[in-house]
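This is the structure, below, for whatever I ask next.
Being a predicted model, the structure only gives us computed values, none of them experimental. Note that these values count all heavy atoms, side chains included, but never hydrogens, waters or copies made by symmetry.
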Amino acid sequence: MTATTSAPVSAPAALVLEDGRIFRGTSYGATGTALGEAVFATGMTGYQETITDPSYARQLVVQTAPHIGNTGVNNDDAESRRIWVAGYIVRDAARRPSNWRSERSLDEELVAQGIVGIQGVDTRAITRHLREHKTMRAGIFSGEAAQSTDKELLDAVLASAPMEGARLAEEVSVDEAYVVEPKDHGWDGEPRFSIAAIDLGIKAMTPVRFAERGVRVHVLPATATLEDVKAVNPDGFFMSNGPGDPATADAQVKLLRSVLDEKLPYFGICFGNQILGRALGFGTYKLRYGHRGINQPVMDRRTGKVEITSQNHGFAVDAPLDGATQAPEGRYGRVEVSHVSLNDDVVEGLACLDIPAFSVQYHPEAAAGPHDAAYLFDRFIDLMEGTREGGNANLSKEPVDSVHNPVEGAAAPKNSDNKTEDKK
């Protein structure tokens, strides 16, 4: 990405997709060139959390909500140390923010961090195009960069790297370990548990959700080894969300297998779900256009409850949906798909039945998004407690979050191996 830090709002801009489709508008944020994978996010709110989510690294994000920037930007809602989206695509950018928490405009923040964007384009048409054709490489060109010929712009897009095969977790992870203490987030007394959390692109609110429940979190870099994990003497092990192709995460898969062999309780979200799938011996595949937004419906197949979830992933685990099965890596015993997407039957969670490990494909920390999945943090605590006591923690137990009430007689979704996301 190349960018300048200031330019007139009226600078011409173009979004060029790798199939040759071009959308023209005006610059938003910094001007210059931004290359990446064009994806759409369906959240009506939470744009600051979206653009600071490391899982969006090397992606050009199309916001389907038409008005963006209304509440400005503040120093509290960022989910990481910087904006990670490679480029930003909106329809109607706010002329000025209006919110008591706003400290500056979104446009100013994009300029300050060198993020190239485009406004005044038909984001509904872009989203429909991506849904019908799949996510694809794209480029945003503004200012002088937009003056090149259409062929030159398309050639630049076609020369960019695809998301398949991209190894990005190490790029967004922290360089040094740090600790999030329960006492700093409202917990009185000594910590109940301590966990090692691998930062593959972790959002700031995730360790906070653990700390609020009395769990000390040792956040470790993506390059951490088993020795690094053991050094903090954890009661449990966690792998976060993150960007890139899970097929490239061989080092993290190897680490997780070592942890599973130690019988240390494991919880993974998003990228951590895909890594668990690979560690168990399943494959992963790229979705046509992924799940991104804070309104994705998922069913917990053990309880029959439906959760509205926050998601951001373009890859999924290829695992059978028809009940418990032997893990391809046989030493890990039986595993079942615990959660499925109600839009397209994509695997949204895995639960090991013979070792203390489970994962989900979405973001239970709710930043931004609904709180339906908050019980998963408590489920992991129950798992650690059961393991500490030497018993078998019951992963089928009812969620403890009071927001969730049992749905009597709710049926599990029909089994399906359909990997398309657009049900006809």
Side-chain angles (χ1 to χ4, degrees), residues 1 14-23 33-43 47 50-51 53-65 84-91 115-118 121-141 153-154 156-169 172 201 241-248 270-271 273-274 284-296 310-318 341 343-348 361-363 418-424:
M1 180 182 71
L15 170 67
V16 181
L17 303 181
E18 72 171 276
D19 64 358
R21 184 98 185 250
I22 298 178
F23 297 84
T33 299
L35 299 170
E37 180 184 53
V39 301
F40 59 88
T42 58
Y47 58 78
T50 294
I51 63 177
D53 179 352
S55 296
Y56 281 113
R58 204 188 290 179
Q59 292 182 322
L60 311 179
V61 175
V62 180
Q63 292 281 184
T64 61
W84 285 104
V85 298
Y88 205 40
I89 303 158
V90 305
R91 179 171 179 172
I115 305 301
V116 174
I118 184 172
V121 290
D122 188 343
T123 52
R124 182 177 181 182
I126 298 169
T127 299
R128 288 176 63 90
H129 189 81
L130 296 176
R131 276 181 56 92
E132 292 168 3
H133 296 86
K134 75 176 183 177
T135 57
M136 60 186 76
R137 290 173 295 172
I140 301 173
F141 306 90
L153 298 180
L154 180 57
V157 171
L158 295 176
S160 64
M163 190 58 69
E164 293 95 328
R167 182 176 177 177
L168 301 176
V172 303
N241 59 290
D245 187 343
T248 67
C270 202
F271 206 64
N273 177 68
Q274 297 159 9
T284 57
Y285 63 97
K286 194 172 193 306
L287 299 169
R288 285 183 59 211
Y289 49 81
H291 301 163
R292 297 174 180 89
I294 58 177
N295 52 0
Q296 304 286 332
S310 175
Q311 299 196 15
N312 174 16
H313 66 108
F315 294 84
V317 176
D318 184 8
S341 168
N343 285 334
D344 52 19
D345 290 329
V346 164
V347 173
E348 294 287 352
Q361 188 57 63
Y362 47 94
H363 291 248
N418 175 27
K419 294 181 186 175
T420 64
E421 296 175 81
D422 196 4
K423 283 191 170 180
K424 305 298 183 185

Item to check | ring-ring contact (aromatic ring centres under 6.0 Å, His included) partner of F40, the single match among Y56, Y289, Y88 | outcome: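 Of the listed options, the one satisfying the test is Y289.
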Next on the checklist: Tell me if a side-chain donor or acceptor on T42 pairs with a main-chain N or O of R292 at a distance below 3.5 Å.
Outcome noted: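 Checked: pair present.
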Checklist entry - At what distance, to the nearest 0.5 angstrom, does CG of N295 lie from CD of Q311? => result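 Between N295 CG and Q311 CD, I get 9.5 Å after rounding to 0.5 Å.
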Item to check | Residue pair A34 / V116: nearest heavy atoms and the distance that separates them | outcome: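 Closest pair (atom of A34, atom of V116, distance): CB-CB, 3.8 Å.
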Checklist entry - What distance do I126 atom CD1 and L15 atom CG have between them, rounded to the nearest 0.5 Å? => result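 These two atoms lie 5.0 Å from each other.
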Checklist entry - Pick from E164, E37, E18: which one makes a salt bridge (charged side-chain N to carboxylate O under 4.0 Å, His left out) with R137? => result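 Exactly one candidate clears the test, E18.
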Item to check | Verdict with reasoning, V157 to F141, per side-chain contact (heavy atoms from CB on, under 4.5 Å) | outcome: CA-CA 10 Å; V157 171; F141 306 90; 4.0 Å; yes
Checklist entry - Looking at OG1 of T127 and CD of Q63, how far apart are the two atoms once the value is rounded to the nearest 0.5 Å? => result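 If we round to the nearest 0.5 Å, T127:OG1 and Q63:CD are 9.5 Å apart.
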Checklist entry - Going from CG on L154 to CD1 on I22, what distance comes out if it is rounded to the nearest 0.5 angstrom? => result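 These two atoms lie 7.0 Å from each other.
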Checklist entry - Looking at CD1 of I115 and CH2 of W84, how far apart are the two atoms once the value is rounded to the nearest 0.5 Å? => result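 So the gap between those two atoms works out to 10.0 Å.
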Next on the checklist: Working note: Q59 + T135, criterion side-chain contact (heavy atoms from CB on, under 4.5 Å); need CA distance, chi angles, decisive distance, verdict.
Outcome noted: CA-CA 10 Å; Q59 292 182 322; T135 57; over 6 Å; no
Item to check | Closest non-hydrogen atom pair, D245 against G165 | outcome: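 So the two residues come closest at OD2-N, 2.8 Å.
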Item to check | Heavy-atom closest contact (L287 atom, A316 atom, distance) | outcome: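 The answer is CD2-CB, 4.0 Å.
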Item to check | Criterion side chain to side chain donor-acceptor pair (under 3.5 Å) against H291, the qualifying member of N312, D344, N343 | outcome: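 The side chain to side chain donor-acceptor pair (under 3.5 Å) with H291 is passed solely by D344 among N312, D344, N343.
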Checklist entry - Are any side-chain N or O atoms of T64 and backbone N or O atoms of A41, one a donor and one an acceptor, separated by less than 3.5 Å? => result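 The answer is yes, because a donor-acceptor pair under 3.5 Å joins these two groups.
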Item to check | Six-ring centre of F315, K286 cation under 6.0 angstrom, axis tolerance 45° | outcome: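 Here K286 passes the 6.0 Å and 45° test against F315.
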Item to check | Where T123 and I89 come nearest, the two heavy atoms and their spacing | outcome: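 The pair with the smallest heavy-atom distance is CG2-O, 4.2 Å.
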Checklist entry - If we only count heavy atoms from C-beta on, is the Q296 to Y362 side-chain gap below 4.5 Å? => result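 No, too far: nothing below the 4.5 Å cut-off.
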Item to check | E132 backbone acceptor or donor facing R288 side chain under 3.5 Å | outcome: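 Checking the backbone N and O of E132 against the side chain of R288, a donor-acceptor pair under 3.5 Å is found.
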Checklist entry - Can any side-chain N or O of N241 pair as donor or acceptor with the backbone N or O of G201 at less than 3.5 Å? => result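 Confirmed, N241 side chain pairs with G201 backbone.
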Item to check | Minimum heavy-atom distance V61-T50, with the two atoms named | outcome: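 Taking V61 first and T50 second, the nearest heavy atoms are CG1-CG2, 4.4 Å.
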Checklist entry - For the residue pair S55 and G242, what are the closest heavy atoms and their distance? => result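 For S55 versus G242, the nearest heavy atoms are OG-N, 3.3 Å.
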Item to check | Given H313, Q361, E348, the one that forms side chain to side chain donor-acceptor pair (under 3.5 Å) with N273 | outcome: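 The single option meeting the side chain to side chain donor-acceptor pair (under 3.5 Å) with N273 is Q361.
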Checklist entry - Between the side chains of H129 and D19, does any donor sit under 3.5 Å from an acceptor? => result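 Short answer, yes.
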